[in-house]
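Throughout, residue positions are numbered sequentially from 1 according to the sequence presented. In listed order, ligands and their atoms are each counted from 1.
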Amino acid sequence: MAEVKAIEWANGKLRLLDQTKLPVEQTPLELDHYKEVVKAIAEMRVRGAPAIGVAAAYAVAMSARDVQAESHREFLAQLAELGDEIASARPTAVNITWAVQRMIDAAESEPDLDLIRTRLLAEAQRIQEEDVEINRRMGKYGVELMPDGGAVLTHCNTGALATAGYGTALGVIRAGWETGKRFHVFNTETRPFLQGARLTSWELVQLGIPSTLIVDSSAGLLMRRGEVSCAIVGADRIAANGDVANKIGTYSLAVIARENGIPFYVAAPTSTVDLSIPSGNEIPIEERQAEEVTRFGGAQTAPEGIDVRNPAFDITPHQYITAIVTEKGVVREPYTESLPETVKGMQVES
Ligand code: MRU
């Protein structure tokens, strides 16, 4: 099976697989201006924390074409402004700000104005390549958590489409399957944007991993009946105390898992850990358009005039998280100690 590629750089353009069209159509988008990339991120044509980090890195490289500067200092000042614009495309996933900062650091380290754009493009490509490698490493560490027999529940889409390739939580599931463990997958539909129904189902079918799509609200019944061995999800931002921001509905799943004695795992690269934020209370939560809730597949499903709240993420307090799988190992409580050690580079015991 050919690997799914959500993001490609070719002939000076960013090529994205339009995730709003999947699974019905595989429509590529070719973008040649950074503002188009910002729009594609905001409209969730590319989505998933690591994938939007990679797209944002390319957007910074593309935005450098618009910079007109006489000096390195002037160049950096303009690039920082463009970087802020790019980083504001979506607020919750810290991977965007992380990627933009890494690009700005790369520009700072290249004093020759004639070379700086080439350096920026190389850095974006490096971020993309590293992400695939990081996901494979996460998969290796996470394998031990996957059951042999039973079923794994996952939420939203954390696969190749949400990353530069292979996936985070879905990467761990995939690694478990590829090492010969046999289990079933329950993947939630993930209202209202249906990343689970549309994207995770699509990836699981292509991977040949047996899976069953469920509506979000049936997870409790399945867990209580003993049909779920563990749950694993991704993350958009992890605070220093281990609180996790992830797709709306994650918190409810974690609480039900705890109630039923089911391990609840998170898989995320260390670029998703934001040590500057002490707890989940400080993580900004994106609120999206009412139409995502009042319409289903284009058809109106709620009356005009109804008030809508559409928070796209929630916070799962660290007490509910059995372990966090990163590319540097599996970390557990006390997260206030294990997370900084892991982010700063120390390998931990898996
Ligand atoms: O709104 P989305 O689709 O960008 O949200 C995606 C998620 O919540 C994922 O779980 C998270 O980004 C991790 S993706 C590897």
Side-chain angles (χ1 to χ4, degrees), residues 4 6-7 16-20 22 40-56 89-99 128 131-132 134-139 142 153-175 187-203 216 231-238 244-254 264-274 280 283-289 292-293 310-316 321 324-327:
V4 175
I7 304 172
L16 302 175
L17 188 55
D18 186 345
Q19 297 190 31
T20 63
L22 285 169
I41 294 172
E43 292 175 350
M44 290 169 67
R45 296 182 191 280
V46 58
R47 32 72 42 211
I52 56 181
V54 172
R90 289 192 77 192
T92 302
V94 75
N95 306 61
I96 299 197
T97 10
W98 171 87
Q128 181 174 21
D131 187 57
V132 183
I134 282 169
N135 293 336
R136 288 190 180 273
R137 282 213 293 271
M138 249 187 294
L153 184 135
T154 192
H155 187 52
C156 196
N157 172 263
T158 60
L161 290 167
T163 61
Y166 203 74
T168 59
L170 202 57
V172 172
I173 291 174
R174 178 174 173 180
N187 69 295
T188 60
E189 174 181 51
T190 318
R191 280 281 293 153
F193 209 72
L194 302 179
Q195 291 95 328
R198 296 186 299 104
L199 310 175
T200 303
S201 305
W202 189 69
E203 289 197 44
D216 301 359
I232 186 161
V233 300
D236 284 77
R237 194 183 301 223
I238 302 177
V244 167
N246 190 50
K247 183 49 55 194
I248 192 78
T250 302
Y251 173 40
S252 325
L253 291 173
F264 192 88
Y265 303 120
V266 171
T270 50
S271 57
T272 301
V273 180
D274 185 354
I283 298 178
I285 299 288
E286 176 183 9
E287 298 242 359
R288 295 189 59 85
Q289 303 87 305
E292 287 179 3
V293 180
N310 185 17
F313 300 94
D314 61 24
I315 307 293
T316 302
I321 297 161
I324 301 176
V325 185
T326 74
E327 77 278 18

Do any nitrogen or oxygen atoms of ligand 1 lie under 3.5 Å from a protein nitrogen or oxygen, and which ones?
| from | atom 1 | to | atom 2 | distance (Å) |
| --- | --- | --- | --- | --- |
| ligand 1 | 1 (O) | Arg90 | NH1 | 3.3 |
| ligand 1 | 1 (O) | Arg90 | NH2 | 2.8 |
| ligand 1 | 1 (O) | Lys247 | NZ | 2.7 |
| ligand 1 | 3 (O) | Arg47 | NE | 2.8 |
| ligand 1 | 3 (O) | Arg47 | NH2 | 3.2 |
| ligand 1 | 3 (O) | Gln195 | NE2 | 2.8 |
| ligand 1 | 4 (O) | Gly48 | N | 2.9 |
| ligand 1 | 4 (O) | Arg90 | NH1 | 2.8 |
| ligand 1 | 8 (O) | Asp236 | OD1 | 2.9 |
| ligand 1 | 8 (O) | Asn246 | OD1 | 3.2 |
| ligand 1 | 8 (O) | Lys247 | N | 3.3 |
| ligand 1 | 10 (O) | Asn246 | OD1 | 2.6 |
| ligand 1 | 12 (O) | Ala49 | N | 2.8 |
| ligand 1 | 12 (O) | Asp236 | OD1 | 3.0 |
| ligand 1 | 12 (O) | Asp236 | OD2 | 3.1 |

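For Arg47 and Asn157, the side-chain atoms include at least one donor-acceptor pair closer than 3.5 Å.
A donor-acceptor contact shorter than 3.5 Å links the side chain of Glu327 to the backbone of Thr270.
Once rounded to the nearest 0.5 Å, the distance linking CG of Asp274 with CD1 of Ile283 reads 7.0 Å. In this structure, NZ on Lys247 lies 8.5 Å from OG1 on Thr190, to the nearest 0.5 angstrom.
Under the 4.0 Å criterion applied to side-chain N and carboxylate O atoms, Asp216 and Arg191 are not assigned as salt-bridge partners.
Residues passing the salt bridge (charged side-chain N to carboxylate O under 4.0 Å, His left out) test with Glu287, sequence neighbours excluded: Arg309.
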